[in-house]
Protein chains: 2
Amino acid sequence: MTRVLVVDDEPQILRALRINLAARGYEVVTAADGAGALRVAAEQRPDLVVLDLGLPDIDGVEVILGLRGWTSVPILVLSGRSDSGDKVDALDAGADDYVTKPFGMDELLARLRAMLRRGSGTEDEPLVSFGEVVVDLAATRVTVGGDEVRLTPTEWQLLAVLVRNPGKLMSQRQLLLEVWGPGYETAQGNLRLYMAQLRSKLEPDPARPAYFRTEPGMGYRFDP
Amino acid sequence: MTRVLVVDDEPQILRALRINLAARGYEVVTAADGAGALRVAAEQRPDLVVLDLGLPDIDGVEVILGLRGWTSVPILVLSGRSDSGDKVDALDAGADDYVTKPFGMDELLARLRAMLRRGSGTEDEPLVSFGEVVVDLAATRVTVGGDEVRLTPTEWQLLAVLVRNPGKLMSQRQLLLEVWGPGYETAQGNLRLYMAQLRSKLEPDPARPAYFRTEPGMGYRFDP
DNA sequence: CGGATCCCTGACGACCTCCTAACGAGGTGT
DNA sequence: ACACCTCGTTAGGAGGTCGTCAGGGATCCG
């Protein structure tokens, strides 16, 4: 299901969006300020963000930059100001669309559909296989020699990031950012632990990894 | 260069857009009606389309559908009508953004930048090759005759600096600064060491370097 | 309430990378 | 011919990084 994060400090707008989005079959998570937006985004991993610029704590552009630091999720900005400068600042900070209040709900929904359509166009090849292992990214399922292997949520996220970048070296910072979200850039012991668990579950010889190679001092690389 | 197709039947708008886009470094091609738009798009393959909905021959939504039949190029719709229904129809037909006239030129340009930024997510990998060696800067990988070569972080940084400046003489000071950072400008013994390791791993005859040449008293030069 | 699962933290040994130092080779100017 | 400088090579120790194990806290479920 498509998950949408709605960020607004006005309860009535939050409620209106929640009702309309839920009626269209979206899963809705909300936040009332900038700090909450960044936290919820890191925890819930929405497929799209609707962001009001007039937040009580942080400037909206800062929120956009905070999100863009580690994710490329589509961002639709909602704002009461129709200033041309505000629009340019938000869009250049990394927003994908800008709608001024008051807005038509059907127009907003159409813009959301357009953004989601563009994002979902690049989702091909949900099946990745190497050796005895088959990874189904769409179904969140992993099999080794036909037998299903149970992965914890964190293990799965780590595997997904690696498998989506075959042959490419992923720095520890990059992996920590994409799996644990911002704020965990220094938890390298954690990354080592989960990499070991992944290898013990997927590698034929976990002591001598063949697919999930470590590049000392730099990061890890998935090599099919 | 980024190529933009502008479709409008009003000459003054066409002229204003052409001038502003050209001033920003875009290549501009134009069409004055729907049939021309489809023809020019097929011939010129623009990276982005700015489309006025009020065309004399074909309905704008039909033009969008005609484009979407064979290309996923981003489409920004320009329209005099601010009807909510028109927006929804155009967006659901496949448009990516919708701006109503009169529009601010800086806002329009910001929206174009946002659309182009999203599209360019799948950048091709920069590959540098010389002799048997292939350097993949995006994946952080080096192969010699097809076999992968393991490089330490410092070796890789040094190689990256050299490879990014082909044919250019890099002074020792410059190399030390870019690889080791400020404060190590005098550690020339270090630079000699890592240059030797790079040569022993990449050069066919490390004793007589062919690609990583040393200019006595000055620095080093990468010659593909 | 008890058990299970998952996530995080800390400690320890093994390994690897990095830096420093010393020595020889080659070129240059006096 | 000699001194001097720069470059290339080798060896060894210091420090950081990686993999592994054990233990505690949080959450979910029977």
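A, B, ... follow the sequence lines: proteins, then strands. Residue 1 opens every chain.
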note = Paired with A/F212, the side-chain contact (heavy atoms from CB on, under 4.5 Å) test is passed by just one of A/D223, A/L162, A/L158, namely A/L162
message = Closest-nucleotide mapping onto DNA chain D: is A/Q172 or A/L193 further toward the 5' terminus? I mean the 5' end.
response = A/Q172
inquiry  = Expressed as a whole number of angstroms, how long is the span from A/Q157:CD to C/dC8:C1'?
reply    = 16 Å
query = Within the distance-only criterion (no hydrogens, no angle test), does the side chain of B/R68 pair as donor or acceptor with the backbone N or O of B/T71 below 3.5 angstrom?
reply = yes
message = As a test of reading the structure: which of C/dT9, C/dC7, C/dC19 is closest to the side chain of B/Y194, going by heavy atoms?
response = C/dC19
No-hydrogen, no-angle side-chain donor-acceptor test under 3.5 Å, B/T2 and B/D47 = no
ask   = Taking OP1 and OP2 of C/dC18, is either one under 4.0 Å from a side-chain nitrogen or oxygen of B/T152?
value = yes
ask   = Roughly, in whole Å, what's the span from CG in B/L175 to C1' in D/dC7?
value = 15 Å
query = Tell me: CG of B/L191 to P of D/dT9, nearest whole Å?
reply = 13 Å
query = Separation of A/L158 atom CG from C/dC6 atom P, in whole Å?
reply = 15 Å
query = Are OP1 or OP2 of D/dG8 and a side-chain N or O of B/R192 less than 4.0 angstrom apart?
reply = no
Spacing between B/Q188 atom CD and C/dA21 atom C1', to the nearest angstrom = 15 Å
key: Carboxylate-amine/guanidinium proximity below 4.0 Å for A/R111 and B/D97   = yes
ask   = In whole Å, what is the span from the CD atom of B/Q197 to the P atom of D/dA11?
value = 13 Å
Nearest to side-chain heavy atoms of A/Y220, which nucleotide of D/dG8, D/dG19, C/dT17 = D/dG19
ask   = A/N190 side chain: which of C/dC19, C/dT17, C/dC8 is closest?
value = C/dC8
Short side-chain N/O contact from A/T154 to OP1 or OP2 of C/dC7, under 4.0 Å = yes
message = In this structure, how many angstroms lie between the P atom of C/dC15 and the CD atom of A/E215, rounded?
response = 19 Å
ask   = Can you check the A/M195 CE to D/dT17 C1' distance for me, whole Å?
value = 14 Å
remark   = Of the candidates C/dC16, C/dT9, D/dA11, the side chain of A/P216 sits closest to C/dC16
query = With respect to the phosphate group of D/dG8, does any side-chain polar atom (N or O) of B/R199 fall under 4.0 Å of OP1 or OP2?
reply = yes
ask   = When all nucleic acid strands are considered with a 4.0 Å heavy-atom cut-off, which category describes A/G217: base, sugar-phosphate, or nothing?
value = sugar-phosphate
Phosphate contact (C/dC8 OP1 or OP2) by A/W180 side-chain N/O below 4.0 Å = yes
ask   = Is a donor on one side and an acceptor on the other found under 3.5 Å between the side chain of A/R150 and the backbone of A/V142?
value = no
